[in-house]
Amino acid sequence: MLARTALYLGLATFLSGKYYFSKFDDKLSIAQEVRRDPKQESISASPFPFEYRGKRYQITPVANYDISGLIVSHNEISSITDAYHTSDSVDFRDVCVVWGANVGSGVFRRFKFWSEPWSCHFHTDDPLAAASLNKAQVSNNHLLTDNEQVRELIKDMRIGDQIRLQGMLINYSPAGQPELSRRSSRIREDTGNGACEVIWVDHAQVLQRGATSWHILREGGFWLLIGAITLNALLFVFAPYGAMSRRRLMW
């Protein structure tokens, strides 16, 4: 009975936390940096090699880049929904952000955002919201870095966080395989394939954390659910042996 109760409680807690995890804090205050458009400056810099997890890559700088935004979605490389990324992927995370008028007006709240392995999508059933969203102030960003502290900070970023990323827009490819090059967009107005920015991140900052209570509830519910599933599985496996022992005692 206790094991079954723990299973139901874990499932309910996890699903509640997961549902509200992507909701945005109603009392969200917008950082000044997030109200501004990204800063981009063309540069003339030589390509350079980069090694990550035993694989070599060629990095070609395109422009200096400084972007601040509110995270509305991000991919999960550990999820079964992302078969293209693993812990060894050099582009270890994608973050989809909005900024400027999209945040200042609050129109982003009327959209559903979600990430797929290489893209960010958004949808609303509100025609006024659809007409109000500035698509040039939404971007999906593929992130690379050679700084372990920056990498860990980015991995800890969550939906609802307001962040700042500074570095370069780049093109990159596996060493000796230029045909596999992934190229960064240089404008914000494009959409579809090739519209994502690829950023070499030198500095990362969380300007303001989103609501953390639902994150804690989701994580706690997940581990409670895992524990309850494990306990129920053990009871299922070993219950016949317990019943057999009782029958022997009765004989």
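A single hydrophobic cluster is not seen to contain both Val90 and Val95; linkage of ILVMFWY side chains at heavy-atom distances under 4.5 Å, directly or through other members, places them apart. Linking Ile, Leu, Val, Met, Phe, Trp and Tyr whenever their side-chain heavy atoms come within less than 4.5 Å leaves Val62 and Met168 in two separate clusters. Hydrophobic clustering, with ILVMFWY side chains joined whenever heavy atoms are under 4.5 angstrom apart, keeps Leu169 apart from Trp200.
Evaluation of the side chain to side chain contact (heavy atoms under 4.5 Å, CB included) rule for Gln205 yields Arg164, Leu207 as partners, not counting sequence neighbours. With sequence neighbours excluded, the residues satisfying side chain to side chain contact (heavy atoms under 4.5 Å, CB included) with Ile154 are Phe92, Arg93, Leu143, Val150, Met157, Leu165, Val201, Ala204. For the side chain to side chain contact (heavy atoms under 4.5 Å, CB included) test, residues two or more places apart in sequence or in another chain that qualify with His121 are Trp114, Glu116, Ser119. The ring-ring contact (aromatic ring centres under 6.0 Å, His included) test applied to Tyr65 returns no partner, not counting sequence neighbours. Partners of Arg186 by side-chain hydrogen bond (donor to acceptor under 3.5 Å, both in side chains), not counting sequence neighbours: none found. For Glu41, the side chain to side chain contact (heavy atoms under 4.5 Å, CB included) partners two or more places apart in sequence, or in a different chain, are Asn64. Gln40 is linked by a side-chain hydrogen bond (donor to acceptor under 3.5 Å, both in side chains) to Arg188, counting only residues two or more places apart in sequence or in another chain. Residues passing the side-chain hydrogen bond (donor to acceptor under 3.5 Å, both in side chains) test with Thr124, sequence neighbours excluded: none.
Using a 4.5 Å heavy-atom threshold, the side chains of Val198 and Leu144 count as touching. Residues Ile163 and Val97 have side chains in contact (heavy-atom distance under 4.5 Å, counting atoms from C-beta outward). Proximity of Cys196 to Asn140: side-chain heavy atoms (C-beta onward) are separated by under 4.5 Å at one or more points. Using a 4.5 Å cut-off on side-chain heavy atoms (C-beta onward), Ile199 and Ile67 make contact. The shortest distance between side-chain heavy atoms of Trp118 and Asp91 falls below 4.5 Å. Between Pro38 and Trp99 there is a side-chain heavy-atom pair separated by less than 4.5 Å. Counting only heavy atoms from C-beta outward, the side chains of Ile159 and His74 approach each other to under 4.5 Å. In this structure, the side chains of Val138 and Phe108 stay at 4.5 Å or more apart for every pair of heavy atoms.
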Review point. Can you list the steps and then say if Gln58 with Gln177 is a side-chain contact (heavy atoms from CB on, under 4.5 Å)?
Key: CA-CA 9 Å; Gln58 185 80 348; Gln177 296 179 286; over 6 Å; no
Check your understanding: Under the side-chain contact (heavy atoms from CB on, under 4.5 Å) criterion, do Val98 and Phe111 qualify, and how do the steps go?
Key -> CA-CA 11 Å; Val98 297; Phe111 281 79; over 6 Å; no
Exercise for review: Before giving the answer on salt bridge (charged side-chain N to carboxylate O under 4.0 Å, His left out), spell out for Arg209 and Asp156 the whole-Å C-alpha distance, their side-chain angles and the decisive distance to 0.1 Å.
Suggested key: CA-CA 11 Å; Arg209 277 289 189 193; Asp156 193 45; 2.6 Å; yes
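A donor-acceptor pair under 3.5 Å links the side-chain atoms of Gln208 to the main chain of Ser29, judged by distance alone. Using a distance-only test at 3.5 Å, with no hydrogens or angles considered, a donor-acceptor pair links the side chain of Asp161 to the main chain of Arg158.
Legend: ring pair (Phe, Tyr, Trp, His ring centres under 6.0 Å) pairs involving residues 156-186, not counting sequence neighbours: none detected. Sequence neighbours left out, the pairs with a member in residues 141-151 that pass side chain to side chain donor-acceptor pair (under 3.5 Å) are Asp94-His142, Ser139-Asn141, Glu148-Arg151. Screening residues 174-193 for ring pair (Phe, Tyr, Trp, His ring centres under 6.0 Å) gives no qualifying pairs among residues at least two apart or on separate chains.
Within the model, atoms CG of Asn102 and CD of Gln137 stand 5.0 Å from one another, a figure rounded to the nearest 0.5 Å. Taking OG of Ser173 as the start and CD1 of Ile59 as the end, the distance is 8.0 Å to the nearest 0.5 Å. Distance check, rounded to the nearest 0.5 Å: CD1 of Ile71 to SG of Cys96 gives 9.5 Å. Separating the CD1 atom in Ile170 from the OH atom in Tyr57 is a distance of 11.5 Å, to the nearest 0.5 Å. Distance check: Leu70 CG to Arg35 CZ gives 11.5 Å after rounding to the nearest 0.5 Å.
Of all non-hydrogen atoms in Glu189 and Ala136, the two that sit nearest each other are CG-CB, 4.1 Å.
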Exercise answer: donor-acceptor pairs, residues 46-54 side-chain atoms, under 3.5 Å, sequence neighbours excluded:
unit_1: Glu51; atom_1: OE1; unit_2: Arg56; atom_2: NH1; d: 3.4
unit_1: Arg53; atom_1: NH1; unit_2: Ser87; atom_2: O; d: 2.7
unit_1: Arg53; atom_1: NH1; unit_2: Asp88; atom_2: OD1; d: 3.0

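Heavy atoms from other residues, nucleotides or ligands lying under 6.0 Å from CZ of Arg182 number more than 12.
Side-chain contact annotation: Gln162 with Ser68, donor-acceptor N/O pair under 3.5 Å absent. Checking Ser73 against Ser115 by side-chain atom types alone, a donor-acceptor pair falls below 3.5 Å. Looking at Asp190 and Ser185, their side chains do bring a donor and an acceptor atom within 3.5 Å of each other.
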